Amino acid sequence: MHHAAPDTAGPVPHRAVSKLQALVRLPTVSHRDPALVDVAAFDALLGELERQFPLLHQRLELTRVGSHGLLFRWAGADDARPVVLMAHLDVVPVEGTWTHPAFDGVIADGQLWGRGTLDDKGCVVGICEAVETLLERDFTPAQDLWLSFGCDEEVMGSTAQEAVRVLTERGVHPWFVVDEGGAVASGAFPGVTTPVAVVGVTEKGVTSVELRAEGRGGHASTPARMGPTARIARAIMRLERTPFAPSLPAPTVELLRRLAPHAPRALRPVMAHGSRIAPVLTRALVAAGPESAAMTRTTAAVTTLSGSPALNVIAAQARAGVNVRTMVGDTVAGVLSHLRRAVDDEHVHIDVIESGEPSPISPFLDDPAFALLEATIAEVFPEAVASPYVMMAATDSRHFTEICERVYRFAPFRMSKAQRESIHSFDERIGLDDLVDGVRWYTTLIERIR
């Protein structure tokens, strides 16, 4: 395995780099079982934030939320149109073989390597450093600014819901919310070399179900046909062969329209008139690969499997976990009826573990808040095309749709295809210059709020 030598020469990195390094070195891995959480790591992270961003902690009003969540209020000149900036402090466990250890915060090849650099401590530092810099200049925002940092986003925890409760009790109805989600993505669409600054204006709903088959079990030397494991295996293959119907929601049509001038000549007319020839375009996206296919439909991924506890024992019960990402326009009820039809086996039970509908679509055409995000993107990332899109993953911000109609998902960092694939995988890393530009984006956004 090749280990790149850490950078030693060159200019001194921006101070945001060492701040992100300090946060990455604290393994704040969240777990669904609170007993497995390393509470000391989260305690240390909150202490580190206070050390790295002293003015933010001195001058902003802090409300603790959940076990380690933070909700800051920066009083503005007015509070009629408050704005919420969000990120989360927790990370997922380390998987795979890393070029540099996941919690060492190594700087090499012009990048900072480590779990959480992109998801989502980069955004935490981007927001906090922007606020700290503006406080050093005695800047006052035009509107109240709230910073909401959750601590259990990766396990679909309740801290964000608690933050929404606090804001509701205080009568805060945000003008807009910005959370993680999109990015300045390169290599995102076949044949398009221009980077795309995708801003999530909605996100798919997350529903988890378990397929369960039961039988007598017994000794492996006398197997019967269609036992629990065989039924589950057949159910999985039936699901695989029965994808959900594709469709093209309005944000995807707009995304393709904006990308059309940058696409290969043959594709331009198709992309420019997506709403008129949606079926053709949908088929093309499905064929182009998993990233673009997921933009067109509800997806179901089989993620966990369990059967017998021993090699010589026939399973009395077999289970398969299925993670469903429900497309805008579909519903949980529709998803469950599709799964039942596809599996088509009365002996396979479908148990709902958790369910969530897709988020409503936030305004993106002729809307002042979205226009502000676009203008800020144009200033900091002039090379990119800004566009709305449907976000495939789930964020804490989905809970904020209860109190705000403009919830946007955008991490202001350039991300290559390899970097996007490293999120929740191995070799997660952020470019040092890209982190600095992210800080600049948040700073510019705060300055431009009116």
Side-chain angles (χ1 to χ4, degrees), residues 29-37 66 88 90-93 95 119-120 150-161 179-181 200 202-214 228-229 231-245 290 293-307 315 317-345 347-360 390-399 401-402 409 423-425:
V29 177
S30 51
H31 288 275
R32 285 179 187 267
D33 179 356
L36 297 176
V37 173
H88 62 86
D90 59 318
V91 298
V92 294
E95 299 285 339
D119 183 17
D120 184 35
C151 58
D152 52 12
E153 190 273 349
E154 295 293 7
V155 292
M156 314 284 278
S158 58
T159 306
Q161 286 162 285
D179 195 7
E180 61 165 345
T202 179
E203 61 186 58
K204 288 181 164 184
V206 181
T207 293
S208 294
V209 303
E210 205 166 52
L211 309 182
R212 176 173 50 87
E214 293 173 346
T229 49
R231 285 194 183 278
I232 290 295
R234 186 174 69 176
I236 290 170
M237 291 316 298
R238 284 176 172 175
L239 276 185
E240 188 91 351
R241 288 195 297 266
T242 320
F244 287 81
M295 291 169 54
T296 69
R297 59 159 60 118
T298 295
T299 58
V302 177
T303 49
T304 60
L305 285 170
S306 66
Q317 188 179 81
R319 298 170 179 267
V322 184
N323 187 260
V324 180
R325 303 293 169 131
T326 309
M327 186 59 149
V328 183
D330 288 353
T331 62
V332 172
V335 162
L336 293 175
S337 65
H338 174 97
L339 294 180
R340 287 190 193 99
R341 275 197 314 275
V343 169
D344 191 24
D345 184 344
H347 298 290
V348 174
H349 306 278
I350 298 177
D351 303 322
V352 179
I353 309 300
E354 60 188 359
S355 71
E357 302 287 355
S359 296
V390 175
M391 192 180 157
M392 268 75 89
T395 69
D396 270 345
S397 68
R398 70 191 185 282
H399 300 298
T401 59
E402 292 172 33
R409 302 141 183 100
I423 294 170
H424 288 215
S425 180

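Remember, predicted model here, so these are calculated numbers, not experimental data.
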With sequence neighbours left out, what residues match [X] under side chain to side chain contact (heavy atoms under 4.5 Å, CB included)?
X	answer
Asp344	Arg238
Ala320	Leu211, Ile232, Ile236, Val302, Leu305
Glu402	Val164
Gln161	Ser158, His399

Kindly indicate whether the side chain of [X], heavy atoms from C-beta on, has any atom under 4.5 Å from the side chain of [Y].
X	Y	answer
Lys204	Thr299	yes
Arg398	Met156	yes
Leu339	Phe244	yes

For the residue pair [X] and [Y], what are the closest heavy atoms and their distance?
X	Y	answer
Asp90	Val155	OD2-N, 4.4 Å
Thr298	Val335	CG2-CG2, 4.1 Å
Val328	Val390	CG2-CG1, 4.2 Å
Ala315	Pro228	O-CG, 3.4 Å
Asp152	Ser30	CA-CB, 4.4 Å

Side-chain polar contacts of residues 353-360 - donor-acceptor pairs under 3.5 angstrom, sequence neighbours left out - could you list them?
{"unit_1": "Glu354", "atom_1": "OE2", "unit_2": "Ser208", "atom_2": "OG", "d": "3.2"}
{"unit_1": "Glu357", "atom_1": "OE1", "unit_2": "Val332", "atom_2": "N", "d": "3.0"}

How would you list, by chain and number, every residue that makes a salt bridge (Lys or Arg N to Asp or Glu O under 4.0 Å) with [X], sequence neighbours excluded?
X	result
Arg212	Glu214, Asp351
Glu240	none
Glu203	Arg409
Arg340	none

(message) Determine whether a donor-acceptor pair (N or O, by modelled atom type, separation under 3.5 Å) exists between the side chain of Thr304 and the backbone of Gly321.
(response)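 It does hold such a pair.
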(request) Check the pair Thr242, His338 against side chain to side chain contact (heavy atoms under 4.5 Å, CB included), reporting the backbone distance first and the verdict last. (result) CA-CA 9 Å; Thr242 320; His338 174 97; 4.0 Å; yes
(request) Would you sort out whether Thr326 and Thr331 count as a side chain to side chain contact (heavy atoms under 4.5 Å, CB included), showing the intermediate values? (result) CA-CA 7 Å; Thr326 309; Thr331 62; 5.8 Å; no
(message) Nearest 0.5 angstrom please: Ile423 CD1 to Asp119 CG, how far?
(response)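 With rounding to 0.5 Å, CD1 (Ile423) is 5.5 Å from CG (Asp119).
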(request) Please round to the nearest 0.5 Å and tell me the distance separating atom NE2 of His88 and atom OG1 of Thr395. (result)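 Atom-to-atom, His88:NE2 and Thr395:OG1 are 8.5 Å apart.
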Who pairs with [X] by side-chain hydrogen bond (donor to acceptor under 3.5 Å, both in side chains), at least two apart in sequence or on another chain?
X	result
Arg325	Asn323
His349	none
Thr229	none

(message) What verdict does the side chain to side chain contact (heavy atoms under 4.5 Å, CB included) test give for Asp120 and Glu153, after you've listed the backbone C-alpha separation in whole Å, the side-chain angles of each residue and the deciding distance to 0.1 Å?
(response) CA-CA 10 Å; Asp120 184 35; Glu153 190 273 349; over 6 Å; no
